[in-house]
Q: 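Following this message is one structure expressed as structure tokens.
Just so it is clear: chains get the letters A, B, ... in the order the sequence lines come, proteins before strands, and each one is counted from 1.
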Amino acid sequence: MQLYNTLTRDVSEFIPIEASKVSMYVCGATVQGNPHIGHMRAAVVFDLLRRWFSHNGFEVRFVRNVTDIDDKILHTAVHENRPWFEVAAHYEREFTNAYNALGILPPSVEPRATGHITQMVELIQDLIDRDMAYEIDGDVYFAVDKYAAYGELSNQKLDQLMVSEDSAERNKHFKHDFALWKKVEDQPTWPTPWGEGRPGWHIECSAMARFYLGKKFDIHGGGLDLAFPHHENEIAQSKAAGDNFAQRWLHSAWVTQSGEKMSKSLGNSLQVQEVLKLVSGMELRYYLLSAHYRSMLEYSPAALTEAATGFNRITSFVSRGQELIEVSDGSLPKDFITAMDDDLNLPIALGVLYETVRRGNTALAENDLDSLRLALTEVIEMLNVLGLSQGAIATENTHQIIDGLVQALLTEREAARARKDFATADALRDKLIAAGLTIEDTATGVRWSITR
RNA sequence: GGCGAGGUAGCAAAGUGGUAAUGCACUGGUCUGCAAAACCGGUAUGCGCGGGUUCAAUUCCCGCCCUCGCCUCCA
């Protein structure tokens with residue numbers, strides 16, 4: 001299959017290091033707050049890639065880290081008045097819940113930064129021994145100027161970069177050197193040969209990638225905003241330490257609002273738990289997959305619900321088809337495979353999905369069971385590969401639907417009561433009770449609940 | 001200042017040197033007691049603007065305008 005590579009800025013044939021195996025490292029979340037749909041886009045994209053590899057017979061080792069120690073987490077801890085580890089654990093669970101709702105498969109391993117200080121220290125020591133890093137007063141910095149290829153991923157020239165304002169505050173040899181280890185006074189800290197401190201913000205990925213995937217692996221992924229400096233620094237420190245590191249880099253684009261990147265700091269982010277009140281997890285996943293992964297996806301509430309409407313057409317076809325026939329394993333349409341193999345061209349692939357649904361609906365109308373079977377198996381197979389077949393799609397809004405039904409009957413009952421036609425009113429109430437509901441007339445109106 | 005992405009129908013979003021996928025919305029029709037669903041059809045004479053190359057450009061080249069991102073944390 002053809003895949004983009006940020007490193008070379010072109011699309012090329014994917015060739016795994018080891019036949020029929022793929023090793024992937026994807027930057028996961030810094031668990032400092034609730035997940036928003038931008039986080040989910042990246043997660044869904046790499047989940048899809050992973051599924052596509054699996055579908056094609058690859059054995060995939062998929063590592064997605066959790067950054068559970070970081071200054072922002074410490075800030076949040078102060079703000080929320082609870083220990084940093086509780087903050088990290090809490091938001092990690094929120095991410096896990098969100099991943100599950102969107103049908104994102106659990107990674108092969110989900111390593112936490114705090115569990116890999118040993119590996120980080122090893123890597124840092126390695127860099128110091130190789131004279132690619134230096135320790136000053138308890139801090140350890142990577143010597144960027146000694147690494148000639150610096151900037152290869154993001155195409156940056158060192159002398160053209162803007163310099164962060166606090167770069168002079170520390171004793172770096174070179175203004176662009178970045179911290180591998182930081183001496184800090186406040187807790188938590190971990191012991192190292194250079195004293196107590198905390199890890200710099202890039203070293204964990206290099207250390208954990210090496211630990212779980214080895215010194216050379218196939219793919220490193222993450223959101224586009226991680227390309228520089230995070231991924232650039234990862235490459236520098238890993239290669240300087242003698243690792244061959246990732247062969248290919250993939251970056252997923254943003255979810256935007258009014259053309260602007262969605263992010264917590266801009267205050268325009270949409271938390272997953274809020275969005276899931278509007279649409280189901282599968283509908284949200286479908287929406288996030290509706291643009292090519294390297295294109296910005298422009299969010300609007302209308303776009304989201306319209307995507308849900310479209311997705312619903314697909315699932316309702318599946319439901320109606322399955323009422324008529326039993327299906328076994330199907331195959332994927334050739335055009336679908338071609339699209340997926342072409343750097344995951346989801347818009348084209350979804351087009352094929354809709355065409356197949358249309359064919360299936362026609363077969364359904366004409367009671368052409370052979371054609372129906374073909375279309376149905378193909379659609380189901382496509383949904384499976386896309387990770388869109390999780391759970392009973394209809395149950396998400398069940399309460400809302402029941403409420404609509406109940407309110408209609410209750411309105412009728414109120415009308416009957418108003419004209420003192422209590423026989424009718426009571427008959428209506430009995431129907432609801434018989435259906436398994438409890439009806440209560442309260443001062444503020446009638447309320448219903450499911451009888452336990 | 002450097003690097004990068006992008007401007008395609010009401011919205012979202014593909015795509016190609018030969019004349020614009022798909023979904024939603026809208027609309028005509030079939031079906032239906034009426035709806036809904038489904039299906040058939042219609043809806044960008046034009047793909048930011050101006051030049052150029054070419055038999056032919058939305059697609060290549062040049063210039064311009066605009067939007068956004070990264071270089072500070074960020075999916």
Side-chain angles (χ1 to χ4, degrees), chain A residues 6 9 26-30 32-33 35-46 64 67 70-73 75 95 98 151 153-167 176 178 201 221-233 250-266 269 272 286-314 316-317 319-321 335 339 342 345-366:
Chain A
T6 308
R9 283 169 282 281
V26 174
C27 285
T30 298
Q32 48 141 345
H36 65 245
I37 62 175
H39 296 122
M40 291 304 110
R41 183 172 188 208
V44 164
V45 162
F46 289 105
R64 188 186 61 214
T67 300
D70 158 279
D71 285 349
K72 293 184 300 301
I73 292 171
H75 289 148
F95 268 85
L153 179 70
S154 55
N155 197 27
Q156 298 289 339
K157 297 279 187 295
L158 279 172
D159 53 357
Q160 299 283 19
L161 291 175
M162 284 182 158
V163 183
S164 59
E165 290 173 8
D166 67 339
S167 69
H176 294 300
F178 57 90
W201 38 287
L224 189 53
D225 44 4
L226 296 178
F228 191 90
H230 184 57
H231 290 335
E232 194 68 75
N233 290 354
L250 295 175
H251 292 96
S252 58
W254 328 121
V255 176
T256 58
Q257 266 195 101
S258 304
E260 295 190 333
K261 175 188 175 189
M262 185 174 289
S263 87
K264 192 181 175 188
S265 58
L266 291 178
S269 64
V272 175
Y286 170 80
Y287 168 68
L288 292 173
L289 289 176
S290 63
H292 186 95
Y293 75 91
R294 285 191 282 117
S295 296
M296 305 297 165
L297 175 61
E298 172 67 20
Y299 173 85
S300 72
L304 177 67
T305 54
E306 283 162 11
T309 301
F311 180 61
N312 203 49
R313 185 163 133 230
I314 298 166
S316 73
F317 161 67
S319 302
R320 280 175 291 131
D335 290 347
D342 181 17
N345 194 327
L346 264 303
I348 297 286
L350 294 178
V352 175
L353 178 55
Y354 276 103
E355 282 163 20
T356 311
V357 167
R358 182 166 7 89
R359 258 186 17 240
N361 275 324
T362 300
L364 209 47
E366 295 170 353

Q: Can any side-chain N or O of A:H176 pair as donor or acceptor with the backbone N or O of A:L158 at less than 3.5 Å?
A: yes

Q: Which part of the nucleic acid, if any, lies within contact of A:N345, taking any heavy atom under 4.0 Å across all strands shown: a base, the sugar-phosphate backbone alone, or nothing?
A: sugar-phosphate

Q: How close do A:P347 and A:S290 get, heavy atom to heavy atom, and via which atoms?
A: CG-O, 3.9 Å

Q: Measure across A:F46 and A:S252 and return the closest heavy-atom pair with its distance rounded to 0.1 Å.
A: CE1-OG, 4.0 Å

Q: Ignoring the backbone of A:F228, work out which of B:rC71, B:rC39, B:rA75 is nearest its side chain.
A: B:rC71

Q: B:rC70 phosphate, OP1 or OP2: any side-chain N/O from A:K261 under 4.0 angstrom?
A: yes

Q: Test your reading of the model: is there a side-chain donor-acceptor pair from A:Y354 to the backbone of A:G310, 3.5 Å cut-off?
A: yes

Q: Give one of base, sugar-phosphate or nothing for A:R358, where a contact means two heavy atoms less than 4.0 Å apart.
A: sugar-phosphate

Q: So, the side chain of A:N345 versus the backbone of A:I348: is there a donor-acceptor pair under 3.5 Å, distance only?
A: yes

Q: Which value, in whole Å, describes the distance between the P atoms of nucleotides B:rA57 and B:rC49?
A: 15 Å

Q: Between B:rG23, B:rA75, B:rC71, which one does the side chain of A:Y354 approach most closely?
A: B:rG23

Q: For A:S300 and A:E306, what are the C-alpha separation, side-chain angles and deciding distance, and is it a side-chain contact (heavy atoms from CB on, under 4.5 Å)?
A: CA-CA 10 Å; A:S300 72; A:E306 283 162 11; over 6 Å; no

Q: With a non-hydrogen cut-off below 4.0 angstrom, is A:S295 in contact with a base, only sugar-phosphate, or nothing?
A: sugar-phosphate

Q: Please tell me which of the listed nucleotides, B:rA75, B:rA21, B:rG2, lies nearest to the side chain of A:E355?
A: B:rA21

Q: Taking the six-membered ring for Trp, are A:Y299 and A:Y287 parallel (under 30°), tilted (30 to 60°) or perpendicular (over 60°)?
A: perpendicular

Q: Give A:K72 one of three labels, base, sugar-phosphate or nothing, depending on what nucleic acid heavy atoms sit under 4.0 Å from its own.
A: sugar-phosphate

Q: Which heavy atom of A:I314 sits nearest a heavy atom of A:Y286, and at what distance?
A: CD1-CE1, 4.4 Å

Q: Do any of residues 252-260 of chain A sit with a heavy atom less than 4.0 Å from RNA chain B, and if so which?
A: A:A253, A:W254, A:V255, A:G259, A:E260

Q: Rounded to the Å, how far apart are A:R41 CZ and B:rC74 P?
A: 19 Å

Q: Mind checking the P distance from B:rC60 to B:rA38? Whole angstroms is fine.
A: 38 Å

Q: Need one value for A:G222: base, sugar-phosphate or nothing, where a base atom within 4.0 Å counts as base even if backbone is also close, heavy atoms only.
A: sugar-phosphate

Q: Determine yes or no for a side-chain-to-main-chain donor-acceptor pair under 3.5 angstrom, with A:E232 supplying the side chain and A:L153 the backbone.
A: yes

Q: Tell me which pairs pass salt bridge (charged side-chain N to carboxylate O under 4.0 Å, His left out) where either residue lies in residues 252-264 of chain A, with sequence neighbours left out.
A: A:D225-A:K261

Q: Can you tell me, in whole Å, how much space there is between the P of B:rC55 and that of B:rA12?
A: 39 Å

Q: What is the per-nucleotide protein-contact pattern of nucleotides 26-37 of chain B, from the 5' end, where B denotes a base atom under 4.0 Å from a protein heavy atom, S denotes such proximity for sugar-phosphate atoms only, and - denotes neither?
A: -----------S

Q: A:L364 CG to B:rA38 C1': how many Å, rounded?
A: 8 Å

Q: Any donor and acceptor pair, going by atom type alone, linking the side chain of A:R320 with main-chain N or O of A:S316 inside 3.5 Å?
A: yes

Q: What is the distance from CG of A:L153 to P of B:rG4, rounded to the nearest Å?
A: 12 Å

Q: Select one nucleotide: of B:rC3, B:rC39, B:rA12, the one nearest the side-chain heavy atoms of A:L297.
A: B:rA12

Q: What closest approach, in Å, do A:G38 and A:V255 show between heavy atoms, and which atom pair accounts for it?
A: CA-CG2, 4.0 Å

Q: Among the nucleotides B:rG2, B:rA75, B:rA14, which one has an atom lying closest to any side-chain atom of A:Q160?
A: B:rG2

Q: Report the residue (A:H176 or A:M262) whose heavy-atom-nearest nucleotide on RNA chain B is the more 5′ of the two.
A: A:H176

Q: Going through the distances and angles, do A:L346 and A:Y293 end up as a side-chain contact (heavy atoms from CB on, under 4.5 Å)?
A: CA-CA 8 Å; A:L346 264 303; A:Y293 75 91; over 6 Å; no

Q: When the distance from CG of A:D225 to P of B:rC3 is rounded to whole Å, what number comes out?
A: 21 Å

Q: Say you pick atom P in B:rA20 and the same atom in B:rU58; how far apart are they, in whole Å?
A: 11 Å

Q: Could you please name the option among B:rA12, B:rA25, B:rA14 that lies closest to any side-chain atom of A:T309?
A: B:rA25

Q: Using whole Å, report how far CD of A:E306 lies from C1' of B:rA13.
A: 12 Å

Q: Mind checking the OG-CD spacing from A:S258 to A:E298? Nearest 0.5 Å is all I need.
A: 6.0 Å

Q: Contact class for A:M296 (heavy atom, under 4.0 Å): base, sugar-phosphate, or nothing?
A: sugar-phosphate

Q: Within this structure, what is the CD-to-C1' distance between A:E298 and B:rA14, rounded to whole angstrom?
A: 17 Å

Q: Name all residues meeting the side chain to side chain contact (heavy atoms under 4.5 Å, CB included) criterion together with A:H36; count only those two or more places apart in sequence or in a different chain, and write none if there are none.
A: A:H39, A:M262, A:S269

Q: Measure CD1/A:I314 against C1'/B:rU22 and give the value in whole Å, please.
A: 11 Å

Q: With heavy atoms under 4.0 Å as the rule, sort A:G151 into base, sugar-phosphate or nothing.
A: nothing

Q: Write down the distance separating the C1' atoms in B:rU59 and B:rG18, rounded off to the nearest Å.
A: 11 Å

Q: Which dot-bracket string describes RNA chain B (Watson-Crick N1-N3 plus N6-O4 or O6-N4, or G-U N1-O2 and O6-N3, all under 3.5 Å; [ ] crossing; | other strand)?
A: (((((((..(((.....[...))).(((((.......))))).....(((((..]....))))))))))))....

Q: Identify whether any heavy atom of A:H36 sits under 4.0 Å from a base atom; if not, whether one sits that close to sugar-phosphate; answer base, sugar-phosphate or nothing.
A: base

Q: Under 4.0 angstrom, heavy atoms only, what part of the nucleic acid is A:Q156 near: base, sugar-phosphate, or nothing?
A: base

Q: For residues A:L288 and A:L297, report the shortest heavy-atom separation together with the two atoms involved.
A: CA-CD2, 3.9 Å

Q: Could you check whether A:A291 gets within reach of a base, just the sugar-phosphate, or nothing at all, counting any heavy atom under 4.0 Å?
A: sugar-phosphate

Q: Judged by each residue's nearest nucleotide on RNA chain B, which is more toward the 5′ side, A:P229 or A:G38?
A: A:P229

Q: If I pick the C1' atom on B:rC40 and the same atom on B:rA56, what distance separates them, to the nearest angstrom?
A: 34 Å

Q: The side chain of A:M162 lies closest to which of these nucleotides: B:rA75, B:rU72, B:rC24?
A: B:rU72

Q: Find the distance A:R9:CZ to B:rA5:P and express it as a whole number of Å.
A: 9 Å

Q: Work out how far the C1' atom of B:rG28 is from that of B:rC11, and round it to whole angstrom.
A: 22 Å

Q: Determine the Euclidean distance between corresponding C1' atoms of B:rU30 and B:rA37; express it in Å to zero decimal places.
A: 13 Å

Q: Just the table, please: protein N/O against nucleotides 16-18 of chain B N/O, every pair under 3.5 Å.
A:
none

Q: Do you know which two heavy atoms are closest between A:A253 and A:S295, and how far apart they sit?
A: CB-O, 3.4 Å

